Amino acid sequence: MARKLEKVDVVVVGSGWAGGIVAAEAAKAGHKVIVLERGKNKKRSDYIGAKDELRYTDRFDMMQPLSSETITSRVGIDDTALPVRTQQEMMVGDDLGGGSVHWAGSTYRWRPYDFEIRSKTIERYGEEKIPEGSTIADWGITYEEMEPYYDKWEKTAGVSGEPDPLGPPRKNDWPNPPLKESPPLKLFKKAAKDLGYHPYQLAACNLSQAYTNPDGESLNPCMYCSYCTMYGCDFSAKSDPLATVIPTAQKTGNADFRTNALVRRVLYEGGKATGVLYTDVLTGAEYEQPADVVVLAAFTFSNNRLLMLSEIGEPYDPKTRKGVIGRNFTIQGDITFLGARGFFEDKKFNLYAGAGALGAGLSDFDADEFDHTDLDFIHGGGIELRQYGYAAIGLNHVPQGTKKWGAEFKEKSLHYAYRNLNVWYTPAVMSYWHNYLSLDPTYKDDYGDPLLRVTNKYTDQERNIAKFGIEKCAQILEEMGADIIDKDTVADDEEFDHIYDGGHYTGGVMMGPDPETSAVNSYLQMWEMENLFVVGGSAFPQFGSHHPTPTIGALGYRAAEGVNKYLESGGMLVEAKTAKANA
């Protein structure tokens with residue numbers, strides 16, 4: 001029998017950017033907040049001296065263990081899904097602060113086209129341009145409406161950046177100047193300009209200078225130690241929830257963060273959420289946490305699974321194309337981070353210094369910045385060169401065709417250690433009727449609950465846009481003077497390989513204006529249950545061309561505004577617009 005705890009105003013599931021923002025804003029408004037995090041309690045000092053490639057990069061110390069819970073994966077809707085067993089195959093962040101504690105820090109705003117992709121594509125090219133089987137949709141909110149929320153998150157995070165000449169309109173510049181311009185970035189920018197493109201220094205949550213955000217949280221300048229991706233920053237120089245919104249929430253005295261708390265159900269009665277049921281993973285004890293408002297702000301997989309296990313919302317059925325929970329799942333998978341690597345004989349670079357988002361990029365082939373009339377795909381992607389900082393174990397590149405052992409490998413790995421650069425393309429990913437999330441009928445977790453099942457299949461849209469980007473990356477490397485250029489390849493029948501190592505999985509609880517096709521409105525409030533908000537990448541109707549974190553942060557502030565509005569006056573915050581009403 002679960003022990004029933006004292007009721008609070010808001011219970012938040014998950015402590016990453018989405019949950020941390022909602023908790024901080026609700027606590028600042030005077031509401032009592034409980035945040036439940038399945039992972040361990042962490043603080044900044046836990047990452048001091050933890051620059052250990054073997055422990056974090058190769059043994060995935062910051063990632064969710066898969067022994068008690070994982071996902072199952074398949075390609076086709078009639079295939080049998082199998083569990084993903086190793087952390088090398090699936091990396092999902094764990095512990096207080098969520099996946100954003102180990103993120104690289106790359107920061108982009110998505111474009112006006114992203115938020116109205118269906119209507120804008122039809123307007124410019126006609127409906128026949130939309131890929132066959134695609135379920136892309138407008139978000140129910142425009143970029144212009146999202147802009148102030150982007151701005152708020154960027155100021156909280158202290159983003160350091162240079163304006164993108166082709167970027168979307170913005171009222172304010174980045175809060176801090178860009179990171180240092182290293183020789184590889186200078187070379188990339190010059191080559192791109194010579195080709196007629198519009199390069200810029202990437203925006204980063206690795207801070208270029210000391211900064212105090214509007215909530216009074218202080219962050220330090222980046223030391224370019226290179227331990228960003230897969231690592232927690234020991235210096236508070238990478239903006240993450242541990243450095244920003246979590247301490248902001250705690251300082252109010254209104255927020256309590258409980259770790260090792262695995263939420264297993266949303267509780268409800270009479271059409272409203274009444275709280276959540278969670279298990280202490282250390283003791284096995286069960287607790288009921290009542291609340292006036294429930295906020296699911298966990299990872300995409302967890303948000304979807306919790307709704308399905310709680311039987312909230314109609315699960316999506318690909319055969320009837322009805323239902324909303326699990327619909328429009330998207331993944332930036334193995335063919336969405338491809339490009340070309342150049343090897344230089346007469347140029348040497350210090351590649352061991354770096355930061356997660358130290359880089360340069362261009363947007364000439366992003367979104368709808370270029371004409372797609374004669375192209376066999378829609379949308380586009382960003383091209384960039386990143387100087388992460390090389391690690392000794394995992395980044396030992398040699399030209400294609402080199403033996404992986406012996407004298408030749410030793411000679412070339414030493415020769416090219418400081419002489420190779422990678423230019424890559426990050427394309428957008430469209431949603432389809434056949435890509436979705438559901439509960440697995442066979443496999444269960446340690447508590448006897450069904451695992452989440454992922455069904456994901458590639459189409460020519462994904463293959464064609466990847467091939468296009470690879471050629472553009474090779475063109476830039478040629479202009480940079482690379483002597484050898486190794487291009488990634490995509491086969492005409494390339495299929496999803498069941499590797500979930502990028503962390504960019506979205507959808508399933510998509511936002512939109514129509515309750516028949518979307519699960520939440522533009523405040524991330526459930527159409528079906530007005531005091532339940534589902535916040536995070538799970539709300540994306542499809543995936544933009546860049547990393548999702550800034551958009552998750554912006555939506556977090558939008559949702560936090562909605563939670564506070566609801567606590568003041570109740571009711572649905574957005575009027576539904578059904579397809580029938582618009583017909």
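Bear in mind that the values here come from a model prediction, so they are computed numbers and not experimental data.
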Handout entry: Check: D334/Y458 side-chain N/O donor and acceptor closer than 3.5 Å
Key = yes
Practice task
May I have the step-by-step check of side chain to side chain donor-acceptor pair (under 3.5 Å) for Y432 and T330, ending in yes or no?
Solution key: CA-CA 8 Å; Y432 298 90; T330 54; over 6 Å; no
Handout entry: Electrostatic pair D151:R170 at N-O distance under 4.0 angstrom
Key = no
Problem - Donor on one side chain, acceptor on other, N521 and Q525, under 3.5 Å - result: yes
Exercise for the section: Check whether the side chains of S160 and Y211 place a donor and an acceptor atom closer than 3.5 Å, and report yes or no. Expected result: no
Handout entry: Stepwise side chain to side chain donor-acceptor pair (under 3.5 Å) test for S218 and T212
Key = CA-CA 4 Å; S218 295; T212 300; 3.2 Å; yes
Problem - Salt-bridge criterion met for R3 and D280 (N-O under 4.0 Å) - result: no
Problem - Residues K28 and E25 bridged, charged N to O under 4.0 Å - result: yes
Handout entry: N/O donor-acceptor pair under 3.5 Å between Q87 side chain and Q64 backbone
Key = yes
Problem - W139 side chain to D114 backbone, donor-acceptor under 3.5 Å - result: yes
Problem - Check: E154/T107 side-chain N/O donor and acceptor closer than 3.5 Å - result: no
Practice task
Evaluate the criterion side-chain contact (heavy atoms from CB on, under 4.5 Å) for residue pair L555 and Y149; output intermediate values, then yes/no.
Solution key: CA-CA 7 Å; L555 286 176; Y149 302 106; over 6 Å; no
Handout entry: salt bridge (Lys or Arg N to Asp or Glu O under 4.0 Å) partners for D46, two or more places apart
Key = K43
Problem - Aromatic centroids of Y278 and Y287 separated by under 6.0 Å - result: yes
Handout entry: Sub-4.5 Å side-chain heavy-atom contact between F301 and V454
Key = yes
Exercise for the section: Answer yes or no: is there a donor N or O on one side and an acceptor on the other, between the side chain of N303 and the main chain of V535, under 3.5 Å? Expected result: yes
Practice task
Run the numbers on T426 and Q332 for side chain to side chain donor-acceptor pair (under 3.5 Å), then give the verdict.
Solution key: CA-CA 8 Å; T426 57; Q332 275 199 316; 5.2 Å; no
Practice task
May I have the step-by-step check of side chain to side chain donor-acceptor pair (under 3.5 Å) for Y447 and E286, ending in yes or no?
Solution key: CA-CA 12 Å; Y447 300 95; E286 289 190 344; over 6 Å; no
Practice task
State whether the side chain of R558 and the backbone N or O of S522 hold a donor-acceptor pair below 3.5 Å, judged by distance alone.
Solution key: yes
Exercise for the section: Mind checking side-chain hydrogen bond (donor to acceptor under 3.5 Å, both in side chains) for K322 and listing every partner two or more places apart, or none if nothing turns up? Expected result: none
Problem - Check against side-chain contact (heavy atoms from CB on, under 4.5 Å), V574 and W527 - result: CA-CA 9 Å; V574 177; W527 289 114; 4.3 Å; yes
Handout entry: Short side-chain donor-acceptor distance under 3.5 Å, N328 and S431
Key = yes
Exercise for the section: Look at the rings of F299 and Y505 and say which category their plane angle falls in: under 30° parallel, 30 to 60° tilted, over 60° perpendicular. Expected result: perpendicular
Practice task
Report yes or no: do T72 and R453 form a side-chain donor-acceptor pair below 3.5 Å?
Solution key: no
Exercise for the section: Using distance alone, with no hydrogens and no angle criterion, decide if T551 and Y150 have a side-chain donor and acceptor under 3.5 Å apart. Expected result: yes
Handout entry: Between Y436 and H434, ring centroids under 6.0 Å
Key = no
Exercise for the section: Please check if the side chain of K238 supplies one atom and the backbone of C228 the other of a donor-acceptor pair under 3.5 Å. Expected result: yes
Exercise for the section: Would you check if there is a donor-acceptor pair between the side chains of S310 and R265 at a distance under 3.5 Å? Expected result: no
Problem - Close side-chain approach of L439 and L309, heavy atoms under 4.5 Å - result: yes
Exercise for the section: Look at the side chain of D138 and the backbone N and O of S119, then say whether any donor-acceptor pair between them is shorter than 3.5 Å. Expected result: yes
Practice task
Kindly check if the number of other-residue, nucleotide or ligand heavy atoms within 6.0 Å of CD (Q88) is above 12?
Solution key: no
Problem - Worked verdict on R111 versus Y143 for side-chain contact (heavy atoms from CB on, under 4.5 Å) - result: CA-CA 7 Å; R111 294 166 180 270; Y143 171 80; over 6 Å; no
Problem - Donor-acceptor contact present, side-chain S15 to main-chain G97, <3.5 Å - result: yes
